There are 2 protein chains.
Amino acid sequence: MSQPLIRPSDGELAILRVLWSHGLSTVREVHDELLKEREMGYTTVLKLMQIMVEKGLVTRDESSRTHVYQAAQGEESTQSCLLNDLLQKAFEGSAKSLVVRALSNTKSNDAELDEIQAYLDLLKARKP
Amino acid sequence: MSQPLIRPSDGELAILRVLWSHGLSTVREVHDELLKEREMGYTTVLKLMQIMVEKGLVTRDESSRTHVYQAAQGEESTQSCLLNDLLQKAFEGSAKSLVVRALSNTKSNDAELDEIQAYLDLLKARKP
DNA sequence: GTGAAATTACGAAGCTCTTCGTTGACAACT
DNA sequence: AGTTGTCAACGAAGAGCTTCGTAATTTCAC
(Lines give C-alpha, C1' and ligand atoms only; values in the text may rest on other atoms or scores of the structure.)
Protein backbone atom coordinates (compact mmCIF):
# COMPACT_ATOMS: atom_id res chain seq x y z
CA MET A 1 0.00 0.00 0.00
CA SER A 2 3.06 2.29 0.00
CA GLN A 3 3.49 4.03 -3.32
CA PRO A 4 6.85 4.01 -5.07
CA LEU A 5 7.55 7.50 -3.62
CA ILE A 6 9.24 9.51 -6.31
CA ARG A 7 11.95 11.99 -5.46
CA PRO A 8 10.87 15.29 -7.01
CA SER A 9 13.28 17.73 -8.66
CA ASP A 10 13.63 21.29 -7.41
CA GLY A 11 11.08 22.72 -9.80
CA GLU A 12 8.63 19.94 -9.09
CA LEU A 13 9.04 20.48 -5.38
CA ALA A 14 8.15 24.15 -5.74
CA ILE A 15 4.91 23.13 -7.41
CA LEU A 16 4.18 20.49 -4.80
CA ARG A 17 4.63 23.10 -2.07
CA VAL A 18 1.85 25.15 -3.61
CA LEU A 19 -0.41 22.14 -4.00
CA TRP A 20 0.17 21.07 -0.42
CA SER A 21 -0.72 24.43 1.04
CA HIS A 22 -3.54 25.30 -1.36
CA GLY A 23 -5.09 21.93 -2.05
CA LEU A 24 -6.79 21.45 -5.41
CA SER A 25 -5.38 24.01 -7.85
CA THR A 26 -5.34 24.92 -11.51
CA VAL A 27 -2.17 25.67 -13.41
CA ARG A 28 -2.98 29.37 -13.28
CA GLU A 29 -3.35 29.32 -9.53
CA VAL A 30 -0.04 27.54 -9.11
CA HIS A 31 1.63 29.89 -11.53
CA ASP A 32 0.31 32.97 -9.75
CA GLU A 33 1.61 31.61 -6.49
CA LEU A 34 5.05 30.81 -7.86
CA LEU A 35 5.31 34.28 -9.38
CA LYS A 36 5.51 35.70 -5.86
CA GLU A 37 8.83 33.96 -5.46
CA ARG A 38 10.39 34.20 -8.90
CA GLU A 39 9.74 35.08 -12.51
CA MET A 40 8.65 32.23 -14.76
CA GLY A 41 6.35 31.69 -17.73
CA TYR A 42 2.89 30.18 -17.51
CA THR A 43 3.65 27.46 -20.01
CA THR A 44 6.76 26.53 -18.08
CA VAL A 45 4.64 25.65 -15.08
CA LEU A 46 2.08 23.92 -17.28
CA LYS A 47 4.72 21.74 -18.92
CA LEU A 48 6.23 20.79 -15.59
CA MET A 49 2.84 19.82 -14.20
CA GLN A 50 2.04 17.74 -17.27
CA ILE A 51 5.26 15.82 -16.80
CA MET A 52 4.45 15.39 -13.13
CA VAL A 53 1.18 13.72 -14.11
CA GLU A 54 3.10 11.20 -16.21
CA LYS A 55 5.46 10.54 -13.33
CA GLY A 56 2.63 10.12 -10.88
CA LEU A 57 3.67 13.04 -8.69
CA VAL A 58 0.29 14.71 -9.12
CA THR A 59 -3.17 13.67 -10.27
CA ARG A 60 -5.43 15.68 -12.57
CA ASP A 61 -9.15 16.10 -12.97
CA GLU A 62 -9.80 16.75 -16.66
CA SER A 63 -13.58 16.81 -16.50
CA SER A 64 -13.75 20.56 -16.97
CA ARG A 65 -11.77 22.49 -19.51
CA THR A 66 -9.40 23.93 -16.95
CA HIS A 67 -7.80 20.92 -15.37
CA VAL A 68 -7.55 20.69 -11.61
CA TYR A 69 -4.41 19.29 -10.07
CA GLN A 70 -3.68 17.62 -6.77
CA ALA A 71 -0.52 16.36 -5.10
CA ALA A 72 -0.34 12.57 -5.31
CA GLN A 73 1.94 12.02 -2.37
CA GLY A 74 1.77 13.71 1.01
CA GLU A 75 4.12 16.40 2.21
CA GLU A 76 5.42 14.26 5.05
CA SER A 77 6.14 11.25 2.86
CA THR A 78 8.02 13.44 0.44
CA GLN A 79 10.01 15.07 3.19
CA SER A 80 10.94 11.64 4.51
CA CYS A 81 11.96 10.52 1.06
CA LEU A 82 14.23 13.51 0.48
CA LEU A 83 15.64 13.32 3.97
CA ASN A 84 16.46 9.63 3.70
CA ASP A 85 18.15 10.27 0.40
CA LEU A 86 20.34 12.98 1.88
CA LEU A 87 20.98 10.83 4.93
CA GLN A 88 22.47 8.06 2.84
CA LYS A 89 24.40 10.24 0.44
CA ALA A 90 25.91 12.79 2.78
CA PHE A 91 25.69 11.47 6.33
CA GLU A 92 26.59 7.81 5.92
CA GLY A 93 23.15 6.93 7.22
CA SER A 94 23.74 8.45 10.65
CA ALA A 95 20.56 10.23 11.70
CA LYS A 96 22.38 11.56 14.72
CA SER A 97 24.95 13.37 12.57
CA LEU A 98 22.21 14.85 10.45
CA VAL A 99 20.18 16.09 13.40
CA VAL A 100 23.17 17.58 15.17
CA ARG A 101 24.29 19.33 12.00
CA ALA A 102 20.80 20.69 11.43
CA LEU A 103 20.61 22.01 14.97
CA SER A 104 24.02 23.63 14.86
CA ASN A 105 23.21 25.14 11.49
CA THR A 106 20.26 27.31 12.33
CA LYS A 107 19.63 29.40 15.37
CA SER A 108 16.52 27.76 16.71
CA ASN A 109 14.59 29.77 19.27
CA ASP A 110 13.60 28.46 22.66
CA ALA A 111 10.12 27.46 21.61
CA GLU A 112 11.49 25.34 18.81
CA LEU A 113 14.04 23.70 21.04
CA ASP A 114 11.30 22.88 23.52
CA GLU A 115 9.22 21.24 20.83
CA ILE A 116 12.16 19.16 19.75
CA GLN A 117 12.81 18.25 23.37
CA ALA A 118 9.21 17.17 23.75
CA TYR A 119 9.47 14.90 20.75
CA LEU A 120 12.71 13.48 22.02
CA ASP A 121 11.08 12.70 25.37
CA LEU A 122 8.33 10.93 23.53
CA LEU A 123 10.81 8.72 21.69
CA LYS A 124 12.67 7.93 24.90
CA ALA A 125 9.50 7.05 26.78
CA ARG A 126 8.57 4.60 24.07
CA LYS A 127 11.77 2.68 24.74
CA PRO A 128 11.88 1.80 28.43
CA MET B 1 37.17 33.77 4.10
CA SER B 2 34.14 31.61 3.42
CA GLN B 3 34.23 30.10 -0.03
CA PRO B 4 31.14 30.20 -2.25
CA LEU B 5 30.25 26.65 -1.11
CA ILE B 6 29.11 24.72 -4.11
CA ARG B 7 26.30 22.21 -3.87
CA PRO B 8 27.69 18.97 -5.35
CA SER B 9 25.64 16.62 -7.50
CA ASP B 10 25.08 13.00 -6.49
CA GLY B 11 28.04 11.68 -8.42
CA GLU B 12 30.29 14.42 -7.16
CA LEU B 13 29.20 13.73 -3.62
CA ALA B 14 30.15 10.07 -3.96
CA ILE B 15 33.65 11.13 -4.96
CA LEU B 16 33.87 13.67 -2.16
CA ARG B 17 32.93 10.95 0.33
CA VAL B 18 35.96 8.95 -0.76
CA LEU B 19 38.25 11.97 -0.59
CA TRP B 20 37.00 12.90 2.87
CA SER B 21 37.63 9.47 4.30
CA HIS B 22 40.84 8.68 2.44
CA GLY B 23 42.47 12.09 2.18
CA LEU B 24 44.77 12.70 -0.80
CA SER B 25 43.88 10.24 -3.56
CA THR B 26 44.52 9.49 -7.20
CA VAL B 27 41.74 8.85 -9.67
CA ARG B 28 42.53 5.16 -9.56
CA GLU B 29 42.20 5.02 -5.81
CA VAL B 30 38.85 6.80 -5.91
CA HIS B 31 37.67 4.54 -8.71
CA ASP B 32 38.67 1.38 -6.85
CA GLU B 33 36.77 2.63 -3.82
CA LEU B 34 33.64 3.48 -5.77
CA LEU B 35 33.69 0.08 -7.46
CA LYS B 36 32.86 -1.48 -4.09
CA GLU B 37 29.50 0.24 -4.24
CA ARG B 38 28.59 0.16 -7.89
CA GLU B 39 29.92 -0.59 -11.38
CA MET B 40 31.40 2.36 -13.27
CA GLY B 41 34.18 3.02 -15.74
CA TYR B 42 37.53 4.52 -14.84
CA THR B 43 37.20 7.36 -17.32
CA THR B 44 33.81 8.22 -15.91
CA VAL B 45 35.36 8.96 -12.55
CA LEU B 46 38.25 10.77 -14.19
CA LYS B 47 35.93 13.03 -16.17
CA LEU B 48 33.84 13.84 -13.12
CA MET B 49 36.92 14.72 -11.11
CA GLN B 50 38.25 16.93 -13.88
CA ILE B 51 34.99 18.84 -13.91
CA MET B 52 35.11 19.10 -10.14
CA VAL B 53 38.49 20.80 -10.44
CA GLU B 54 36.98 23.42 -12.75
CA LYS B 55 34.11 23.96 -10.34
CA GLY B 56 36.44 24.28 -7.40
CA LEU B 57 35.06 21.27 -5.55
CA VAL B 58 38.46 19.62 -5.43
CA THR B 59 42.06 20.70 -5.88
CA ARG B 60 44.71 18.78 -7.77
CA ASP B 61 48.45 18.35 -7.52
CA GLU B 62 49.76 17.91 -11.06
CA SER B 63 53.45 17.84 -10.22
CA SER B 64 53.76 14.12 -10.81
CA ARG B 65 52.31 12.29 -13.77
CA THR B 66 49.50 10.74 -11.77
CA HIS B 67 47.62 13.68 -10.35
CA VAL B 68 46.68 13.71 -6.69
CA TYR B 69 43.28 15.07 -5.69
CA GLN B 70 41.95 16.58 -2.51
CA ALA B 71 38.53 17.79 -1.41
CA ALA B 72 38.36 21.57 -1.49
CA GLN B 73 35.55 22.02 1.01
CA GLY B 74 35.12 20.18 4.27
CA GLU B 75 32.58 17.47 4.91
CA GLU B 76 30.76 19.50 7.54
CA SER B 77 30.45 22.61 5.37
CA THR B 78 29.08 20.51 2.56
CA GLN B 79 26.60 18.79 4.84
CA SER B 80 25.42 22.18 6.08
CA CYS B 81 25.06 23.43 2.55
CA LEU B 82 22.96 20.47 1.43
CA LEU B 83 20.92 20.53 4.61
CA ASN B 84 20.15 24.23 4.31
CA ASP B 85 19.10 23.74 0.75
CA LEU B 86 16.68 20.98 1.69
CA LEU B 87 15.48 23.01 4.65
CA GLN B 88 14.39 25.87 2.41
CA LYS B 89 12.98 23.76 -0.40
CA ALA B 90 11.05 21.14 1.53
CA PHE B 91 10.59 22.35 5.10
CA GLU B 92 9.77 26.02 4.65
CA GLY B 93 12.88 26.87 6.62
CA SER B 94 11.67 25.20 9.80
CA ALA B 95 14.57 23.37 11.37
CA LYS B 96 12.21 21.93 13.92
CA SER B 97 10.11 20.21 11.26
CA LEU B 98 13.21 18.81 9.65
CA VAL B 99 14.63 17.45 12.88
CA VAL B 100 11.36 15.91 13.99
CA ARG B 101 10.90 14.28 10.61
CA ALA B 102 14.44 12.94 10.68
CA LEU B 103 13.91 11.50 14.14
CA SER B 104 10.61 9.87 13.31
CA ASN B 105 12.07 8.48 10.14
CA THR B 106 14.81 6.30 11.45
CA LYS B 107 14.83 4.11 14.46
CA SER B 108 17.60 5.68 16.45
CA ASN B 109 18.97 3.60 19.26
CA ASP B 110 19.29 4.78 22.84
CA ALA B 111 22.90 5.80 22.50
CA GLU B 112 22.11 8.02 19.55
CA LEU B 113 19.16 9.57 21.32
CA ASP B 114 21.38 10.32 24.29
CA GLU B 115 23.93 12.04 22.11
CA ILE B 116 21.25 14.17 20.55
CA GLN B 117 19.90 14.96 24.01
CA ALA B 118 23.35 16.05 25.10
CA TYR B 119 23.68 18.39 22.18
CA LEU B 120 20.24 19.79 22.85
CA ASP B 121 21.17 20.45 26.47
CA LEU B 122 24.23 22.29 25.24
CA LEU B 123 22.14 24.55 23.05
CA LYS B 124 19.69 25.25 25.83
CA ALA B 125 22.42 26.07 28.31
CA ARG B 126 23.85 28.60 25.92
CA LYS B 127 20.57 30.50 25.99
CA PRO B 128 19.66 31.24 29.58
C1' DG C 1 -22.14 34.48 -34.83
C1' DT C 2 -17.58 36.74 -34.31
C1' DG C 3 -13.64 38.19 -31.98
C1' DA C 4 -10.89 38.12 -27.83
C1' DA C 5 -9.12 35.71 -23.98
C1' DA C 6 -7.80 31.66 -21.62
C1' DT C 7 -6.16 27.07 -21.66
C1' DT C 8 -4.01 22.88 -23.13
C1' DA C 9 -0.88 20.51 -26.22
C1' DC C 10 3.32 20.13 -28.71
C1' DG C 11 7.93 20.52 -29.77
C1' DA C 12 12.33 22.45 -29.60
C1' DA C 13 16.30 24.39 -27.43
C1' DG C 14 19.71 24.97 -23.77
C1' DC C 15 21.55 23.32 -19.69
C1' DT C 16 23.63 19.94 -16.42
C1' DC C 17 24.82 15.33 -15.15
C1' DT C 18 26.52 11.02 -16.37
C1' DT C 19 28.70 7.75 -19.12
C1' DC C 20 32.21 5.99 -21.95
C1' DG C 21 35.30 5.27 -26.25
C1' DT C 22 39.35 6.92 -28.32
C1' DT C 23 43.59 9.11 -28.53
C1' DG C 24 47.98 10.57 -27.31
C1' DA C 25 51.58 10.99 -23.84
C1' DC C 26 54.45 8.93 -20.59
C1' DA C 27 56.77 5.09 -18.06
C1' DA C 28 58.61 0.68 -17.20
C1' DC C 29 60.36 -3.45 -18.52
C1' DT C 30 63.09 -6.54 -21.84
C1' DA D 1 64.59 0.46 -29.19
C1' DG D 2 60.30 -1.66 -28.92
C1' DT D 3 56.39 -3.48 -26.42
C1' DT D 4 53.16 -3.12 -22.93
C1' DG D 5 50.55 -0.86 -19.53
C1' DT D 6 48.90 3.34 -17.18
C1' DC D 7 47.19 7.77 -17.26
C1' DA D 8 45.15 12.33 -18.62
C1' DA D 9 42.71 14.71 -22.16
C1' DC D 10 39.07 15.20 -25.28
C1' DG D 11 34.84 14.69 -27.55
C1' DA D 12 30.45 12.79 -27.99
C1' DA D 13 26.21 10.89 -26.75
C1' DG D 14 22.17 10.17 -23.97
C1' DA D 15 19.21 11.30 -20.16
C1' DG D 16 16.75 14.50 -17.26
C1' DC D 17 15.44 19.27 -16.03
C1' DT D 18 13.96 23.74 -17.31
C1' DT D 19 12.40 27.11 -20.30
C1' DC D 20 9.44 29.03 -23.61
C1' DG D 21 7.33 29.99 -28.36
C1' DT D 22 3.73 28.53 -31.25
C1' DA D 23 -0.40 26.22 -32.51
C1' DA D 24 -4.87 24.29 -31.53
C1' DT D 25 -8.86 24.24 -28.73
C1' DT D 26 -12.46 25.92 -25.90
C1' DT D 27 -14.99 29.55 -23.56
C1' DC D 28 -16.97 33.97 -22.99
C1' DA D 29 -18.53 38.59 -24.07
C1' DC D 30 -20.62 41.40 -27.27
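Computed from a predicted structure; not experimentally measured. Values reported hereafter were calculated over all heavy atoms of this structure, with side chains retained and with hydrogens, waters and symmetry mates removed. In what follows, chains carry the letters A, B, and so on, assigned in the order in which the sequence lines appear, proteins first and then strands, with residues in each chain numbered from 1.
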Original post:
Looking across every strand, which nucleic acid part, if any, lies under 4.0 Å from A:Thr44 by heavy atom: base, sugar-phosphate, or nothing?
Top reply: base

**OP:** Classify the nucleic acid contact of B:Arg38 as base, sugar-phosphate or nothing, counting any heavy atom under 4.0 Å across all strands shown.
**Re:** sugar-phosphate

Original post:
To the nearest angstrom, how far is B:Glu54 atom CD from D:dA9 atom P?
Top reply: 10 Å

Original post:
So, A:Asp121 versus A:Gln117: side-chain donor-acceptor pair below 3.5 Å or not?
Top reply: yes

Subject >> Distance test, side-chain N/O of B:Arg28 to OP1/OP2 of D:dG5, below 4.0 Å >> reply: no

Original post:
For B:Gln50 and D:dA8, is the shortest distance between a side-chain N/O and OP1 or OP2 below 4.0 Å?
Top reply: no

**OP:** Identify which nucleotide among D:dA9, C:dT18, D:dT18 has an atom closest to any side-chain atom of B:Leu48, counting heavy atoms from C-beta outward.
**Re:** C:dT18

Original post:
Please give, in whole Å, the distance from D:dC17 C1' to A:Leu57 CG?
Top reply: 13 Å

Original post:
Which part of the nucleic acid, if any, lies within contact of B:Ser9, taking any heavy atom under 4.0 Å across all strands shown: a base, the sugar-phosphate backbone alone, or nothing?
Top reply: sugar-phosphate

Original post:
Tell me: OH of B:Tyr69 to C1' of D:dC7, nearest whole Å?
Top reply: 10 Å

Original post:
Which part of the nucleic acid, if any, lies within contact of B:Thr43, taking any heavy atom under 4.0 Å across all strands shown: a base, the sugar-phosphate backbone alone, or nothing?
Top reply: base

**OP:** Test A:Arg17 against every option in A:Glu37, A:Glu75, A:Glu33 by the salt bridge (Lys or Arg N to Asp or Glu O under 4.0 Å) rule and name the one that passes.
**Re:** A:Glu37

Original post:
How many Å lie between CZ on A:Arg60 and P on C:dA9, as a whole number?
Top reply: 5 Å

Subject >> Nearest listed nucleotide, side chain of A:Ile51, among D:dT18, C:dT18, D:dA9 >> reply: D:dT18

Original post:
Is any side-chain N or O of B:Arg65 closer than 4.0 Å to OP1 or OP2 of C:dA25?
Top reply: no

**OP:** Measure the distance from NZ on A:Lys55 to P on D:dG16 and round it to the nearest whole Å.
**Re:** 8 Å

**OP:** May I ask you to evaluate whether B:Lys47 reaches the phosphate of D:dC7, defined as a side-chain N or O under 4.0 Å from OP1 or OP2?
**Re:** no

Original post:
Is a donor on one side and an acceptor on the other found under 3.5 Å between the side chain of A:Gln79 and the backbone of B:Ala90?
Top reply: yes

Original post:
Over how many whole Å does the gap from A:Met49 atom CE to D:dT18 atom P extend?
Top reply: 14 Å

Subject >> Whole-Å distance separating the CG atom of B:Leu35 from the C1' atom of C:dC20 >> reply: 14 Å

**OP:** Give the minimum heavy-atom separation between A:Leu19 and A:Ala71, together with the two atoms involved.
**Re:** CD1-N, 3.9 Å

Subject >> Positive for salt bridge (Lys or Arg N to Asp or Glu O under 4.0 Å) with A:Glu12, one of A:Arg7, A:Lys55, A:Lys47 >> reply: A:Lys55

**OP:** Tell me whether the OP1 or OP2 atom of D:dA8 has a side-chain N or O from B:Tyr42 closer than 4.0 Å.
**Re:** yes

**OP:** Take atom CG of B:Leu46 and atom P of C:dT19, then tell me their distance rounded to the nearest Å.
**Re:** 13 Å

